[in-house]
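What follows is one structure encoded as structure tokens, with my remarks underneath.
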Amino acid sequence: MKKKLIIGNWKMHLNTHDASVLVHRLHITIPVHRSVEVVLAPSMLSLQPLSLEIDRRQFKLAAQNAYYKDEGAFTGEVSYDMLRDLVHYAIVGHSERRIYFNETLEVVREKTAAAVRNGIVPIVCVGDTSQERSEGESKRVVHDQVTTAVQNLTSEDISNIVIAYEPVWAITTFDGVVAKPSDIQDMLAYIRSIILDLYGAQAAEDMLLLNGGSVNPDTAAGYFSLPDCDGAIVGGASLNYKSFAAIVAAAYQVQHENPDNGGQ
Ligand code: 13P
């Protein structure tokens, strides 16, 4: 019975007051569904207050980033160890961190391992830029990103990670090209095949794979119906409670139509 996982990545938006207002609206608008897990990724500053405000049956929290050392003289950083009682998930290797903050494949690998070591499920983001896509390099790029990120993980660890395909060309604030469901399916199936080669059939089948490009209330159901798409990581549309609720409702609808996916 496989759930759908929907992450709202609020990026660097909303102060603590506005974050609290949004959570209040989401509480009222989004019902609890057994088959759909809803995760909110506010700014680091809002994690603590929101952890006291949220109904944990309804929402779980994710950090958008953290540093891979558990403690030490690293001014300005917060470790996964410090976040372990606060969040269930952490976004790792988002393209904005790779591009704007120069996060290398190796840094993403260290962060993935640090999250797992601290009992936090990393949502490892991988994705190709429009240039890589036009040069026919998409699969090579994603292959390198996936294999490096999981390099230090055991077969037991692998059941505690999620991978999101975020085509950089489809992120609203980069190129914003609407990704065709077939583009997403093709890459998610490829990512599953990489996990199958490395960790076997069961690990590949159990792993949750998300789409992180072009998800909004109009496109969501088309992605959620894909055989290899287990949910979404949503940017802009997660800042509006009606849009985000509509995306969660689309996930529920797809689960309900396909009870094998864990519906009802
Ligand atoms: P948008 O949904 O705004 O395109 O952003 C996608 C994303 O980066 C999610 O992490």
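Atoms within a ligand are numbered from 1 in the order they appear, just like the ligands themselves.
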Within 45° cone and under 6.0 Å: Lys139 NZ/CZ vs Tyr190 ring: yes

Glu137: partners by side chain to side chain contact (heavy atoms under 4.5 Å, CB included), with sequence neighbours left out: Glu132, Glu135, Arg140, Val141

Pairing of Asp230 and Arg192 as salt bridge, 4.0 angstrom limit: yes

Output block, N or O contacts of ligand 1, threshold 3.5 Å exclusive:
from, atom 1, to, atom 2, distance (Å)
ligand 1, 2 (O), Gly235, N, 2.9
ligand 1, 3 (O), Thr172, OG1, 3.0
ligand 1, 3 (O), Gly236, N, 2.8
ligand 1, 4 (O), Thr172, N, 2.8
ligand 1, 4 (O), Thr172, OG1, 2.4
ligand 1, 5 (O), Lys11, NZ, 3.3
ligand 1, 8 (O), Lys11, NZ, 2.8
ligand 1, 8 (O), His94, NE2, 2.8
ligand 1, 10 (O), Asn9, ND2, 3.0
ligand 1, 10 (O), His94, NE2, 2.9
ligand 1, 10 (O), Glu166, OE2, 2.7

Where Val168 and Phe174 come nearest, the two heavy atoms and their spacing: O-CB, 3.3 Å

Partner set under side-chain hydrogen bond (donor to acceptor under 3.5 Å, both in side chains) for Lys60, not counting sequence neighbours: none

Partner residues of Asp55 under the side-chain hydrogen bond (donor to acceptor under 3.5 Å, both in side chains) criterion, sequence neighbours left out: Arg57

